[in-house]
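Just so it is clear, the structure is predicted and the values come from calculations on it, not from any experiment. So that the names make sense, note that chain A is the first sequence line, chain B the second, and so on, each numbered from 1.
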Protein chains: 2
Amino acid sequence: MKHVTIKDVAKKLNVSISTVSRAFNDKYDINEETKKLILKTAKELGYRPNPIARKLSQQRSFNIGIVVPEFSTNFFPEVMLGAQQILHEKGYQVLIMQSNYSWEIERKNVETLVDNMVDGLIVSLTSEIDNNEYYTSLLKSDIPIVFFNRAVDEIKASKVLFDDYKWALFATEHLIVQGYNDIVHLTGTINLTLTKNRQRGFEDAHKKHKRPVGKIISCGFKMEDGERIAQKMIDNNTIPRAIFAANDSCAIGAMTVFKKHGYQIPNDIAIVGFTESSLAKHTAPSLTSVEQPTHDIGQTAAKLLLDQINNKGIFVPQTIILNGRLNIRESSVIIK
Amino acid sequence: MKHVTIKDVAKKLNVSISTVSRAFNDKYDINEETKKLILKTAKELGYRPNPIARKLSQQRSFNIGIVVPEFSTNFFPEVMLGAQQILHEKGYQVLIMQSNYSWEIERKNVETLVDNMVDGLIVSLTSEIDNNEYYTSLLKSDIPIVFFNRAVDEIKASKVLFDDYKWALFATEHLIVQGYNDIVHLTGTINLTLTKNRQRGFEDAHKKHKRPVGKIISCGFKMEDGERIAQKMIDNNTIPRAIFAANDSCAIGAMTVFKKHGYQIPNDIAIVGFTESSLAKHTAPSLTSVEQPTHDIGQTAAKLLLDQINNKGIFVPQTIILNGRLNIRESSVIIK
DNA sequence: TTGTAAGCGTTATCAT
DNA sequence: ATGATAACGCTTACAA
């Protein structure tokens with residue numbers, strides 16, 4: 001037995017398909033009695049409106065697409081959870097796709113979602129180059145998009161961002177205040193605005209405290225990146241007094257290698273991470289890190305998107321910058 | 001300007017829409033020249049076939065839906081990555097939905113995906129009760145489904161599972177061989193087959209070695225669960241010599257609490273986890289854990305699903321059980 | 001090899 | 001308040 005359609009319901013009740021359709025779409029005048037009857041029979045027959053047909057006809061889907069680079073840290077999953085919560089409330093379903101840090105896959109994902117007529121997109125870019133044109137043209141064709149976490153200035157769309165500069169500055173300042181000098185910054189993936197902002201924060205913290213700016217090493221966001229850099233430092237005997245890493249994974253990778261080689265954290269090397277991961281509390285020593293309001297980011301992005309969907313004509317892109325928190329833990333504080 | 005359609009392309013070239021359609025569907029006879037011309041013009045016009053219309057017409061989508069409980073550990077993301085790889089190769093797009101451990105959301109997710117005419121589903125159940133009937137009727141209506149990780153015997157579908165019993169037995173055995181007695185098992189969420197199997201493995205390991213079976217405490221899969229139980233043990237002064245936890249999160253939660261109270265791991269309490277998480281290597285001490293072949297699970301599930309899609313009539317459900325590995329680390333081995 | 005036209009399951013505009 | 005009917009964009013017999 002195949003899908004039950006509107007026709008089957010209509011036939012069963014000897015009414016027209018329009019009447020059945022109306023029973024399922026509150027916006028039309030319809031006799032309360034017949035409506036009730038129709039809904040009842042529809043249920044009995046196991047009829048559910050086919051959203052594909054509906055999409056084709058109305059050109060909208062009540063689906064929202066979320067595209068993220070990956071799920072390997074809990075940052076993105078938490079953001080998605082926040083977004084999902086708001087969207088479910090409003091009757092939207094959420095379709096998630098991961099680009100696995102490939103711009104090609106990201107593009108394919110977005111295309112799939114658009115082709116499937118999602119009503120809007122929430123996107124965290126995999127890279128910030130090459131895609132400007134694509135997203136701009138997408139926005140031109142009136143597809144609501146909200147970017148978060150990673151975004152490009154040139155793309156005129158709503159964005160939910162984190163004040164990476166400020167919190168990188170705070171985090172670095174924390175290390176300076178603890179009395180460490182010779183602080184090294186391990187940057188994230190280059191070409192990302194957030195990488196640049198965190199780096200700038202690192203630099204300005206030094207300037208603010210009238211210190212020479214510490215060394216900056218291009219590292220990356222993965223654990224292996226941190227491990228690699230730490231190993232190199234050990235090999236070259238260029239171990240700094242403290243490290244401010246661009247994210248927790250990198251920080252933890254480095255910490256693990258240092259510990260393996262007998263260095264004490266923080267007594268020999270202090271470490272601070274970024275983007276609070278669930279690991280931070282549980283490493284030994286526990287890791288000082290900047291916490292991002294993941295849930296809030298997701299909720300805000302969802303709200304902005306719904307705004308945009310509901311006010312297509314008269315909508316002005318806005319950028320919301322959310323606040324974070326520095327969680328100070330053992331990895332950066334020497335107990336005397 | 002709205003979407004470019006097949007009509008626009010047809011008009012531009014003064015051919016019929018069927019010809020354009022054929023140019024995009026290799027299976028028909030069509031003049032090579034016209035085909036090339038059509039594809040070229042289509043590209044110039046920015047035409048992409050509308051998958052919604054295609055779905056409605058062919059009743060299939062080349063989309064696969066994956067439904068998982070959550071993304072908070074890296075187990076599910078890794079499985080999805082494996083599945084995605086196979087599916088992308090075969091030209092399928094992957095739509096992911098998370099049920100956040102709610103059977104209601106899970107059901108909605110599955111319905112959304114089905115309504116959107118995915119060609120098949122890969123599902124890890126949120127719960128193993130109440131859903132039997134639903135999935136069975138879904139399978140009856142000929143929708144290919146492969147379950148993984150969490151499945152119900154009663155549902156006759158293909159499954160990709162892990163030999164939880166065997167590896168729980170090995171893990172427990174490892175603790176026994178290390179010389180610990182008074183081993184406690186913290187179980188996962190009740191009502192899951194995998195929970196029962198791990199528990200059975202724990203028990204049988206004791207029997208095999210002619211030991212009295214250790215205490216079994218119902219715990220849960222979250223870090224907080226482990227923390228809660230550990231705290232309770234401390235409060236009640238019922239601290240065992242070793243713990244075999246149903247997963248890493250729980251194990252790490254417990255470990256953290258014990259450490260905070262000054263207990264040495266493994267010298268005071270040895271701990272073994274399950275389902276290798278990325279954290280296991282990086283906790284201090286590093287955590288002994290059973291590693292599941294996540295990537296392989298995803299790939300296998302995808303392959304089974306494709307099989308099923310391509311052989312709808314003559315298909316026999318099969319269950320594949322994959323092998324794991326016990327990674328022995330510091331948390332369970334006392335160095336003398 | 002190509003065109004014509006019916007059909008996929010809805011919604012929405014007209015009539016009635 | 002309800003019914004016919006033309007869209008929506010595509011595939012696919014059947015004709016030509």
Side-chain angles (χ1 to χ4, degrees), chain A residues 1-39 41-42 45-63 111-112 114-119 141-142, chain B residues 1-39 41-42 45-63 111-112 114-119 141-142:
Chain A
M1 203 181 76
K2 272 289 125 190
H3 271 178
V4 185
T5 76
I6 205 171
K7 269 187 203 161
D8 302 317
V9 181
K11 199 173 291 171
K12 177 93 176 186
L13 288 171
N14 269 317
V15 296
S16 73
I17 57 166
S18 351
T19 309
V20 178
S21 173
R22 281 192 267 263
F24 279 90
N25 295 279
D26 284 330
K27 43 189 169 178
Y28 294 97
D29 283 343
I30 182 172
N31 188 307
E32 263 306 314
E33 291 300 304
T34 42
K35 177 170 171 179
K36 262 183 201 154
L37 185 62
I38 288 173
L39 291 180
T41 340
L45 293 175
Y47 167 74
R48 283 212 317 281
N50 178 336
I52 301 277
R54 180 177 264 166
K55 277 187 225 187
L56 190 60
S57 166
Q58 341 184 99
Q59 310 278 35
R60 104 202 252 15
S61 66
F62 275 96
N63 286 170
E111 280 174 355
T112 300
V114 170
D115 289 348
N116 280 283
M117 295 187 177
V118 291
D119 295 345
S141 43
D142 239 22
Chain B
M1 207 179 75
K2 273 286 127 190
H3 271 180
V4 185
T5 77
I6 206 171
K7 267 189 203 158
D8 301 319
V9 182
K11 198 173 291 171
K12 176 93 175 186
L13 288 170
N14 269 317
V15 295
S16 73
I17 58 165
S18 17
T19 309
V20 178
S21 172
R22 282 191 265 263
F24 278 89
N25 295 280
D26 283 331
K27 44 188 167 178
Y28 292 98
D29 283 343
I30 182 173
N31 187 306
E32 264 305 313
E33 291 299 302
T34 41
K35 178 172 173 179
K36 263 184 202 154
L37 185 61
I38 288 172
L39 292 180
T41 340
L45 293 176
Y47 167 74
R48 284 211 318 280
N50 179 335
I52 300 276
R54 179 179 266 165
K55 278 188 225 189
L56 190 60
S57 152
Q58 323 192 113
Q59 309 276 38
R60 108 204 252 7
S61 68
F62 275 96
N63 285 171
E111 279 174 355
T112 300
V114 169
D115 289 348
N116 280 283
M117 295 187 176
V118 291
D119 294 344
S141 42
D142 238 24

- Message: Using C1' atoms of five pairs at each end, report the bend of the helix from C/dT1-D/dA16 to C/dT16-D/dA1 rounded to 10 degrees.
- Response: 40°
- Note: B/S61 and B/M117 closest approach over all heavy atoms is OG-O, 2.6 Å
- Task: Return the value, rounded to whole Å, for the distance between atom CZ of B/F62 and atom C1' of D/dT11.
- Result: 14 Å
- Is there side-chain contact between A/R54 and A/N25, with heavy atoms separated by less than 4.5 Å? yes
- Item | Closest approach of A/F24 to A/I38 (non-hydrogen atoms, all atoms of both residues) | CE1-CG2, 4.4 Å
- Side chains of A/S18 and A/S21: donor-acceptor distance under 3.5 Å anywhere? no
- State, yes or no, whether a side-chain contact exists between B/N63 and A/N116 at a heavy-atom distance under 4.5 Å. yes
- Short question: side chain of B/S57, backbone of B/A53 - any donor-acceptor pair under 3.5 Å? no
- Item | Closest-nucleotide ordering on DNA chain C, the 5'-leading residue of B/I30 and A/F24 | B/I30
- From the 5' end of DNA chain C to its 3' end, which nucleotides mark the outer limits of contact with chain A, defined by a 4.0 Å heavy-atom distance cut-off (strictly under)? C/dC8 to C/dT13
- Task: Looking only at side-chain atoms of B/R22, point me to the closest of D/dA4, D/dA13, D/dG9.
- Result: D/dA13
- Query: Nearest-Å distance, CD1 (A/I38) to C1' (D/dA1)?
  - Reply: 11 Å
- Query: Taking atom P of D/dT11 as reference, at what distance in whole Å does atom CD1 of B/I17 sit?
  - Reply: 9 Å
- Name the residue closer to the 5' end of DNA chain D, choosing between A/S57 and B/R54 according to the nucleotide with the nearest heavy atom. A/S57
- Task: Using only side-chain N and O atoms of B/K7, determine if any of them is under 4.0 Å from OP1 or OP2 of D/dC8.
- Result: yes
